[in-house]
*Asks:* 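First the structure, which I've put down as structure tokens, then a few questions once you've had a look.
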Amino acid sequence: MAKISVDGIKYEVNAANNLLQECLSQGLDLPYFCWHPCMGSVGACRQCAVKQYRNAEDTTGTLVMACMTPVTDGGLYSIQDSQAVDFRSHVIESLMISHPHDCPVCEEGGECHLQDMTQMSGHNYRRYDFQKVTHRNQDLGPFINHEMNRCIACYRCVRFYGDYAGGTDLVALASHHHVYFGRHEEGTLESEFSGNLVEVCPTGVFTDKTFSAHYSRKWDLQTAPSICTGCGAGCNTTPGERYGSLRRVVNRYHHDLNGYFLCDRGRFGYDANNSAERVKEALFVQAQINGNAEVPARKPLSATEAARQFNAMAGGDVIGIGSPRASLESNIALQQRVGAENFYPGINDDELASAREVLALMREPGLHCPDIRSLEQSDCVLVVNEDLTNTAARMALALRQATRNAATTMAAAARIPAWQDAAVRELAQHERSPLIILSPQGTRLDDVASDTFLGSVARQVQLLEAIAHCLDPEYSVSSRDPSLTSRAKAIAQALSAARRPCIVSGISAQSTALVRASGNLARALQKARKGDADAPVGLCFAMPEANTLGLVLLAESTGNTLSGALQRLAQKRADAAVVLENDLFRRAATAEVAQALAGHTPLIVIDHLHNAFNARARLLLPAASPSESNGTWVNYEGRAQSAYRVFAPAEPVRAAYEWLTPADPVLLPSISSEEILAQFADAHSAFAVLKDLLPHRLGLSAVMKSPRQLPRYSGRTAMQANSHVHEYRQTQDPQSPLSFSMEGVPLQKDASLLSAAWAPGWNSNQAISKFQDEINGELRQGCKGVHLLQSGQAQASYAPIVLPSEGDLAPYFIEHLFGSEEISAKAVAIQARTVGPYACIGEALAQTLGVAQHGRILLKAGERQVQLPVLIRQRIAPGSIGIYCAGELDRYSLAGGVTVEAVPEAPDLLLRSREMFRHLVISDSWQGRDES
Amino acid sequence: MLRLLKDTLVSQVVTLWKVFLHAFDKTDTVEYPDVKPQMFSRWRGRIILSRDPDGEERCVACNLCAVACPVDCIALQKAEDEEGRWYPEFFRINFSRCIMCGFCEEACPTHAIQLTPDFEMAEYVRQDMVWEKEDLLINGTGKYHDYNFYRIAGKKIGGKDKGEARNEAVPVNVRSLLP
Ligand code: SF4
Ligand code: SF4
Ligand code: SF4
Ligand code: SF4
Ligand code: FES
């Protein structure tokens, strides 16, 4: 703690930080551009100038850049000093000399940090009358717009894109006042985090292209606090709606999880909500007379009819199949409707088994599951098998930061403060904390990895066991491979030398052996560290979907599996089946699902997008999407977080839990999501903490709701006037503490339901600093979610491992950030970046088969045969073949092992595959015969 | 007593006389609607959307009028043509709510939205007071003849490339090292 005085007022501040950060922490307004709370200072923009005085006698003082000035105890500073004010107004004036007259046609307008800072610095009228520098823009792909004229050369974009996120294709080009921020040539930005440029860039140079296509000003968007459903990381988001459609998603700060950044799946996947494939009607299959024949036809039903039909069908002995992409409330409602013994988790058996192993490990007292911020602080990370950039991208971004801890340590030793970004990077050069990656193929984190091991799942398990054995000689290895010993030793050493080691894996391989081996290694490491309680070993597993853990937890009390449900259906041992937001063709082998369907049990599906499975439903009920319904989501740590609906869908679309709660169909809706959660928490002690998620609000907020709309929401009396000139009553929301209006408890007073950060003078998302207890700190009154997993009994012993048997060619399944997740893959912009199914092989195999890069191979697994285009990669585990299913292939029938054959090349197909592979960002694709 | 009489009675008679004389004055009231009053151009009456000197729609769908409107009676949606020009996909004013305050005109950065001297806006059906862009858009520049926003803004549109707006230098050649 240091005591400083700013403009004569005394503050207690943190001496480890710079003056700008501390001034902002104290709630003072000081303009800045190049400093970023998460990226430190470089002193590039000169906008944050303040006066610094030597002592009380010093009345002149010196101008310093606040962001480059460490706070010193007893320091005397002034923001209001006339020279400082004058200086800042001239800096902004010079930054603006070439600025285009664009605000009305700029997507940033109304939430522009540059507008805010210009106002704050007091530059009102242009005096510079000479020619403005202009630039040509680039097409940067489906996500990001480029308007270079608006740049003020703060360098934030390249510092984020390159330094922070590891992208290589956005750079500063040219020199002096011609400096240009773009790619060496036009083309799609490669980084999986490019969307953050929209928020990082303080101006309108980089804006959201998908948002621009149906643009609305920030003040016109109706928003609510929401949780990203792209993967299991649980990032907090703010989706915005206007005129009944979802317009965009921006980041919502969460101290422990996403911080200031999202991945591109989370940011641009929202458009699935506006997809043409949305289920908008209740559809019922009825026999119709066509001539003499009776043919089944799908007929739309009204909401009331549909609810009646549902109640009629879903009586008796009904199977309920839950979903990892539906909210906890919907799953609970289904479970209660059909009874726990009839509730089945709608994920593949192997995935379920792995997830159950994960649950057991996370309850073990010696181990600790790191949140994303703790991952960032880890000084040695071992990634096991999971391609995090493609399955839980935000975690991958955190691991990239973790490799910088060596730099921070070096800087501390050299007495350079950590926020001196350029100095710290200069000092550290390529010095990095160890990041060890075990994977069947090259990953996007390889560039910062200290060691990468390419091996199939079985090989990785062997290596993990060998490492565990190095750490704890008592650990008995199930199968020893001497060739791995030296590598295992090195990794063991790195892990035991670390103060905060983490092991990060996932369940996308659906292998229990892998989960157990990771767990055993964590235990061995913990033991070797003599149970250092201060810094327990971190162990976490990425979850593929937003509620995988929630679903598994719900279904934990019974041993039910999906195959159990499918068998019952095939054998007609149920009166009906209700499938909640799930495409079972993605969850089990096609043959198995087909068999179940052949049982002709009446099938009811509740979903929000049409797919191959729900096309077979007798009754298809239209569900609200995650942003149209309230919901609780359980992330990879077992952290339950609430999301509130952003807008109410048009009838007959309803939240799945509304369809499912038994009620008089005439008097719907009967029960709110909050009631479902509260009743469930009361009835089940393991879920009792869920009650803490429900808002318990005091004072004014107990009687008033919080607004979903900003105070200057416009068009209220005109937006619906075309259909009816008398204004409709605002949609009421009896279900949540939020209202569909701009009235209510001002969020400035109670930030517990903050969605769109706004503060006077701060219109951009950077207003979030006004809601943090200090910069980068916790949100004041914010709800961080509750942990559903409490430590259980200590399990000292290691879990037994059966090494998975692999044939000559071990298949592994490739995941892609764009395309692997079912819902986001329906967004138009995401679709522009997806590829179809393909196979990935190494050079050796390619040569034996004689296939060229992007040629075709025939994949055989038992009866199944499929032709796939081939990507030949340099970095792939020997004896492995990667298969990307793209949601079209059924991975379960291929998982047992495959054989391959070459297929004669067809030039038109080759051309098509080549075109397709252009969308992939692969740095090690084999160039051998391709270039001819 | 006499004085009191003089002050009250005489004054009454004089007043009556003067009022009577007004019967022979020129009339101020006009026979509306047979006689139309002369309005001034800054009168705040019916709102129109104007075109720029090139004949293109002036409105760029910036939403500033909508946010300035105290009764929130303007709603619009931005759209963009293939060449980058922003325009409103729809533009609606609910005149049954409008209070003719003129804030929208003040807020408009392009002089697109203007209040005109036309005050004859009564309708039998309230729904007819909701006007869409097709009803609002006129064929001329309205009160401001010369202003052309896109000739000043830096955004490229059809017919105006980068570097062709007012006071703009030709676009930088990123690959050149010359100062
Ligand atoms: S970047 Fe900001 S200041 Fe510049 S044109 Fe856009 S909105 Fe206006
Ligand atoms: S493009 Fe944006 S972030 Fe990058 S230097 Fe320019 S203003 Fe800063
Ligand atoms: S004149 Fe006033 S009330 Fe009428 S549309 Fe304009 S801003 Fe709104
Ligand atoms: S302020 Fe002017 S340019 Fe902007 S939307 Fe309204 S009429 Fe159009
Ligand atoms: S913020 Fe301090 S110089 Fe840019």
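So you know, we letter chains A, B, ... as the sequences are listed, proteins then strands, and number each from 1. Quick caveat: nothing in here was measured; it's all calculated off a predicted structure.
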*Asks:* Under a 3.5 Å threshold, yes or no: a donor from one side chain and an acceptor from the other, between B/Arg58 and B/Thr110?
*Replies:*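 Not at all, the side chains of B/Arg58 and B/Thr110 share no donor-acceptor pair under 3.5 Å.
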*Asks:* Examine whether an atom of A/Gln720 lies under 4.5 Å from a heavy atom of chain B, and if so say whether it belongs to the side chain, the backbone or both; otherwise answer neither.
*Replies:*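 Contact with chain B involves the backbone of A/Gln720 alone.
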*Asks:* Sort A/Asn722 into side chain, backbone, both or neither according to what part of it lies under 4.5 angstrom from a heavy atom of chain B.
*Replies:*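 Interface part for A/Asn722: both.
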*Asks:* Is it the side chain or the backbone of A/Asp220 that comes within 4.5 Å of chain B heavy atoms, both, or neither?
*Replies:*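 Looking at A/Asp220, just its side chain touches chain B.
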*Asks:* Chain B heavy atoms under 4.5 Å from A/His176: which part of the residue, side chain, backbone, both or neither?
*Replies:*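 Interface part for A/His176: side chain.
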*Asks:* So for A/Ser98, is it side chain, backbone, both, or neither that comes closer than 4.5 Å to the heavy atoms of chain B?
*Replies:*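 Looking at A/Ser98, nothing touches chain B.
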*Asks:* Which atom names give the shortest non-hydrogen contact between A/Leu246 and A/His214, and what distance separates them?
*Replies:*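 Minimum heavy-atom separation between A/Leu246 and A/His214: O-CE1, 3.8 Å.
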*Asks:* Between B/Arg126 and B/Ser96, is any side-chain donor less than 3.5 angstrom from a side-chain acceptor?
*Replies:*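 Yes, because at least one side-chain N or O of B/Arg126 sits under 3.5 Å from a partner of the opposite role on B/Ser96.
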*Asks:* Taking B/Met100's backbone N and O only, do any of them form a donor-acceptor pair with B/Arg44's side chain (distance below 3.5 Å, no angle check)?
*Replies:*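 Indeed, once roles are kept as given, a pair shorter than 3.5 Å links the two residues.
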*Asks:* Measure B/Arg85 against the heavy atoms of chain A and call it side chain, backbone, both or neither at under 4.5 Å.
*Replies:*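 Nothing of B/Arg85, per the 4.5 Å heavy-atom cut-off to chain A.
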*Asks:* Are the side chain of B/Gln114 and the backbone N or O of B/Thr141 linked by a donor-acceptor pair below 3.5 Å?
*Replies:*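 Yes.
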*Asks:* At a 4.5 Å cut-off on heavy atoms, which part of A/Cys106 comes close to chain B: side chain, backbone, both, or neither?
*Replies:*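 The answer is the backbone of A/Cys106.
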*Asks:* Of the backbone (N, CA, C, O) and the side chain (C-beta and beyond), which part of A/Tyr215 lies under 4.5 Å from a heavy atom of chain B, both, or neither?
*Replies:*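 Its backbone and side chain both get close to chain B.
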*Asks:* Can you confirm whether the side chains of A/Lys218 and A/Ser764 place a donor and an acceptor under 3.5 Å from each other?
*Replies:*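 On atom types as modelled, these side chains do not qualify, holding no pair under 3.5 Å.
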*Asks:* Between A/Tyr243 and chain B, with a heavy-atom cut-off of 4.5 Å, which part of the residue counts as in contact: side chain, backbone, both or neither?
*Replies:*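 Side chain only.
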